[in-house]
Amino acid sequence: MSEIPPFRPPPPLLDDGCALFLDVDGTLIEFAEDPLQVRLLPQVREAIGVLSDRLGGAVALVSGRPLSQLDALFAPLRLPAAGLHGHELRSELAARHDMPAADDTTDWLHTLHQRAAHMAQAHPGVLVEDKGVSMALHWRGAPQSADAVIAFAHDALAQLPGYRLQPGDHVVEFVPQGSDKGVAVEQLMQRAPFLGRVPVFVGDDLTDEYGFIAAQRLGGWAVRVGTREPTQARHALADPLAVHAWLQENASRG
């Protein structure tokens, strides 16, 4: 008999002392075979902008996407953000900070990208996403190739020092060690406009568990989007549409 997952209530509304951290893919927008083809609904962008004003700028995006993609997706909003799972970081009072890759690592990444491109050619539907200092392998368009992609990733990791593998929903990413969404939340919470606020993290994927743990350790709470179990989050919303409705309800409180 399978175990019944615990009931997780929907999140309460935000008060003016909160700081809001939002994952993007699977949380604010539905997944797509090509991550570059997604669009954010204008009403969701507007609600996030209203909340950012109400919370004194303490709304941040925490995503596996690079900052450049986040800025393009959310324009004209330019929010505090952690890109590439926290490898890139931008708060309101600080310029972008990221850890440069060493020359030998850059060479390894270039070689890895070439190898991954050859692998993808042998598995139509697999997508190689170049993120500069990291790389993601997507198999949403080729679910039958999951085992081959994962095996390739584990084999390649042995030749890429200073990196770890981050599994996700039909994706595995090569991520610099020491970068995760929890570290990003902790770093942002030490800076204005987040300092002294109650962190609230909303996300859907395994990568967001780091953010859930950090937010709750700092006295806040977390919201899992979807039905994935197990999770550290104590609250849940069914899907991105439910997230949109929750954000708009919060924004309407003015």
Side-chain angles (χ1 to χ4, degrees), residues 1-14 18-33 35 38 44 60-65 82 84-86 126-127 129 136-151 153-154 157 164-175 177 179-186 189 198-250:
M1 187 175 187
S2 60
E3 183 178 350
I4 299 175
F7 170 73
R8 303 184 192 279
L13 295 178
L14 302 169
C18 288
L20 181 59
F21 298 91
L22 294 167
D23 172 49
V24 177
D25 294 274
T27 297
L28 297 176
I29 53 179
E30 298 285 357
F31 285 110
E33 291 184 14
V38 300
V44 178
L61 305 173
V62 185
S63 172
R65 290 176 179 265
L84 300 177
H85 303 278
V126 171
L127 176 67
E129 184 182 6
L137 304 175
H138 301 262
W139 62 84
R140 186 172 301 278
Q144 72 282 358
S145 300
D147 290 344
V149 174
I150 293 170
H154 281 280
L157 183 68
R164 64 179 178 86
L165 291 181
Q166 176 61 63
D169 190 335
H170 292 81
V171 64
V172 64
E173 298 187 52
F174 295 85
V175 177
Q177 289 179 356
S179 298
D180 67 54
K181 293 184 178 184
V183 173
V185 168
E186 291 171 351
M189 285 296 295
V198 176
V200 176
F201 195 105
V202 185
D204 71 299
D205 212 343
L206 284 171
T207 63
D208 300 308
E209 291 294 327
Y210 296 104
F212 296 167
I213 292 169
Q216 292 174 163
R217 184 170 58 241
L218 293 171
W221 35 280
V223 185
R224 183 214 58 209
V225 180
T227 59
R228 180 185 53 78
E229 291 286 350
T231 181
Q232 295 295 316
R234 301 189 188 111
H235 298 275
L237 289 167
D239 51 32
L241 287 178
V243 177
H244 299 171
W246 180 74
L247 290 171
Q248 289 171 315
E249 185 178 6
N250 277 282

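Residues take their numbers from the sequence shown, with the count starting at 1. In what follows, every heavy atom counts, from backbone to side chain, and hydrogens, waters and symmetry copies are set aside.
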Participant: If you look at every heavy atom in Leu237 and Pro10, which pair is closest and at what distance?
Facilitator: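 Reported closest heavy-atom pair: CD2-CB, 4.5 Å.
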Participant: Side chain to side chain contact (heavy atoms under 4.5 Å, CB included) between Phe21 and Val200: does it pass, once the steps are laid out?
Facilitator: CA-CA 6 Å; Phe21 298 91; Val200 176; 6.0 Å; no
Participant: Return the minimal non-hydrogen interatomic distance between Asp23 and Ser63, and the atom names on each side.
Facilitator: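 Minimum heavy-atom separation between Asp23 and Ser63: OD1-CA, 4.4 Å.
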Participant: Please evaluate residues Asp180 and Gln166 with respect to the criterion side chain to side chain contact (heavy atoms under 4.5 Å, CB included), reporting the C-alpha separation (whole Å), side-chain torsions for both, the decisive distance (0.1 Å), and the verdict.
Facilitator: CA-CA 9 Å; Asp180 67 54; Gln166 176 61 63; 5.8 Å; no
Participant: Take Tyr210 and Val185, measure what side chain to side chain contact (heavy atoms under 4.5 Å, CB included) needs, and give me the verdict at the end.
Facilitator: CA-CA 9 Å; Tyr210 296 104; Val185 168; over 6 Å; no
Participant: So, taking the atom named NE2 in His244 and the one named CD in Glu249, what distance separates them when rounded to the nearest 0.5 Å?
Facilitator: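 Output value for this atom pair is 15.0 Å.
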Participant: Using the side-chain contact (heavy atoms from CB on, under 4.5 Å) rule, pick out the option among Asp208, Asp204, Asp205 that qualifies with Val225.
Facilitator: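 Going through Asp208, Asp204, Asp205 one by one, the side-chain contact (heavy atoms from CB on, under 4.5 Å) with Val225 is satisfied by Asp204 alone.
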Participant: Which atom names give the shortest non-hydrogen contact between Val62 and Ala184, and what distance separates them?
Facilitator: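 The pair with the smallest heavy-atom distance is CG1-CB, 4.5 Å.
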Participant: Which heavy atom of Ala238 sits nearest to which heavy atom of Ala242, and what is that distance?
Facilitator: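 For Ala238 and Ala242, the tightest heavy-atom pair comes out as N-CB, 3.8 Å.
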Participant: Roughly how far, to the nearest 0.5 Å, is CG of Leu137 from NE2 of His170?
Facilitator: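 Atom-to-atom, His170:NE2 and Leu137:CG are 14.0 Å apart.
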Participant: What is the distance from atom CG of Asp239 to atom CD of Glu30, rounded to the nearest 0.5 Å?
Facilitator: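 These two atoms lie 6.5 Å from each other.
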Participant: Roughly how far, to the nearest 0.5 Å, is the NZ atom of Lys181 from the CD1 atom of Ile213?
Facilitator: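 Answer for the CD1-NZ pair, Ile213 versus Lys181, is 13.0 Å.
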Participant: Is any side-chain heavy atom of Glu186 closer than 4.5 Å to a side-chain heavy atom of Leu218?
Facilitator: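 Side chain of Glu186 against side chain of Leu218, heavy atoms only: contact under 4.5 Å found.
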Participant: Are Leu84 and Glu173 side-chain neighbours, meaning at least one heavy-atom pair lies under 4.5 Å?
Facilitator: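 No, every pair of side-chain atoms sits at 4.5 Å or beyond.
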Participant: Given Glu209 and Arg228, is the salt bridge (Lys or Arg N to Asp or Glu O under 4.0 Å) satisfied, shown in steps?
Facilitator: CA-CA 11 Å; Glu209 291 294 327; Arg228 180 185 53 78; 2.7 Å; yes
Participant: What heavy-atom pair brings Pro167 and Thr207 nearest, and what distance separates the two atoms?
Facilitator: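 Heavy atoms only, the tightest pair is O-CG2, 3.9 Å.
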Participant: Between Arg8 and Glu229, does at least one N-O distance fall below 4.0 Å, as a salt bridge requires?
Facilitator: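 Judged by the 4.0 Å cut-off on N to carboxylate O distance, Arg8 and Glu229 do form a salt bridge.
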Participant: Identify which one of Trp246, Phe7, Phe212, Trp221 satisfies the ring-ring contact (aromatic ring centres under 6.0 Å, His included) criterion when paired with His235.
Facilitator: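 Only match with His235 under ring-ring contact (aromatic ring centres under 6.0 Å, His included): Trp221.
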Participant: State, yes or no, whether a side-chain contact exists between Leu28 and Leu247 at a heavy-atom distance under 4.5 Å.
Facilitator: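 The answer is yes, as the side chains (C-beta and beyond) meet within the 4.5 Å cut-off.
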Participant: Looking only at non-hydrogen atoms, find the nearest pair between Val149 and Val126 and report the distance.
Facilitator: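 Of all heavy-atom pairs spanning Val149 and Val126, the closest is CG2-CG2, 3.8 Å.
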Participant: Check the pair Gln232, Arg217 against side chain to side chain contact (heavy atoms under 4.5 Å, CB included), reporting the backbone distance first and the verdict last.
Facilitator: CA-CA 11 Å; Gln232 295 295 316; Arg217 184 170 58 241; over 6 Å; no
Participant: To the nearest 0.5 Å, how far apart are CG in Leu61 and CG in Leu22?
Facilitator: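 So the CG of Leu61 and the CG of Leu22 are separated by 6.5 Å.
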